[in-house]
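Right, one structure below, let's go through it.
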Amino acid sequence: MATDKNFITFVCEQLEGLPFPIRSKNMFGEYCIWINNKPIMLVCDNTIYLKKIDSLNSYDLPCGVPYPGSKEHFIISPDDKKLLHEAIVKVEKETTIKAKR
């Protein structure tokens with residue numbers, strides 16, 4: 001099942017207010033969300049997968065894989081905007097890979 005366009009729109013709306021540029025890119029029916037030109041989140045089957053970093057372990061988030069063979073990610077709900085923003089700020093700070101434009 002591919003991610004619903006309405007869901008990705010909702011997720012991007014929940015990201016408003018972050019101090020970084022945000023963009024989403026459709027990839028094979030699923031999405032990658034780039035924060036500050038860094039690939040921070042995957043959205044697959046209407047589920048948000050956030051890069052797994054040690055500083056998020058205290059949040060006790062569930063884990064899963066966005067697709068077979070991928071690395072494990074944290075799963076985070078878009079409904080808790082405060083938690084979503086806090087987690088993304090931490091991941092953005094620790095992610096050094098920037099997209100080539």
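Keep in mind that the numbers below use all heavy atoms, side chains included, and drop hydrogens, waters and symmetry copies.
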So, using side chain to side chain contact (heavy atoms under 4.5 Å, CB included) as the criterion, who are the partners of [X] when residues are at least two apart?
X   : value
K93 : none
I75 : T47, Y49, P62
Y67 : L42, S70
D54 : N57

Checklist entry - By salt bridge (Lys or Arg N to Asp or Glu O under 4.0 Å), which residues pair with K71, not counting sequence neighbours? => result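 Salt bridge (Lys or Arg N to Asp or Glu O under 4.0 Å) list for K71, sorted by chain: empty.
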Checklist entry - Who passes salt bridge (Lys or Arg N to Asp or Glu O under 4.0 Å) against E72, sequence neighbours left out? => result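 Salt bridge (Lys or Arg N to Asp or Glu O under 4.0 Å) list for E72, sorted by chain: K52.
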Sequence neighbours left out, what passes side chain to side chain donor-acceptor pair (under 3.5 Å) with [X]? Give chain and number order.
X   : result
E94 : S55
D80 : none
K5  : none

Item to check | salt bridge (Lys or Arg N to Asp or Glu O under 4.0 Å) pairs, two or more places apart, involving residues 55-69 | outcome: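 Sorted pair list comes back empty.
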Next on the checklist: Checking one residue: V65. Which other hydrophobic residues are in its cluster under the side-chain 4.5 Å linking rule?
Outcome noted: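 Taking Ile, Leu, Val, Met, Phe, Trp and Tyr as members, V65 stands alone, with no cluster partners.
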Checklist entry - Quick one: are I33 and I8 in side-chain contact, heavy atoms under 4.5 Å? => result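 Yes; the side chains approach each other to less than 4.5 Å.
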Next on the checklist: By the definition side chain to side chain contact (heavy atoms under 4.5 Å, CB included), identify the one residue from N37, N36, I35 that meets it with I22.
Outcome noted: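 Single pass found, and it is I35.
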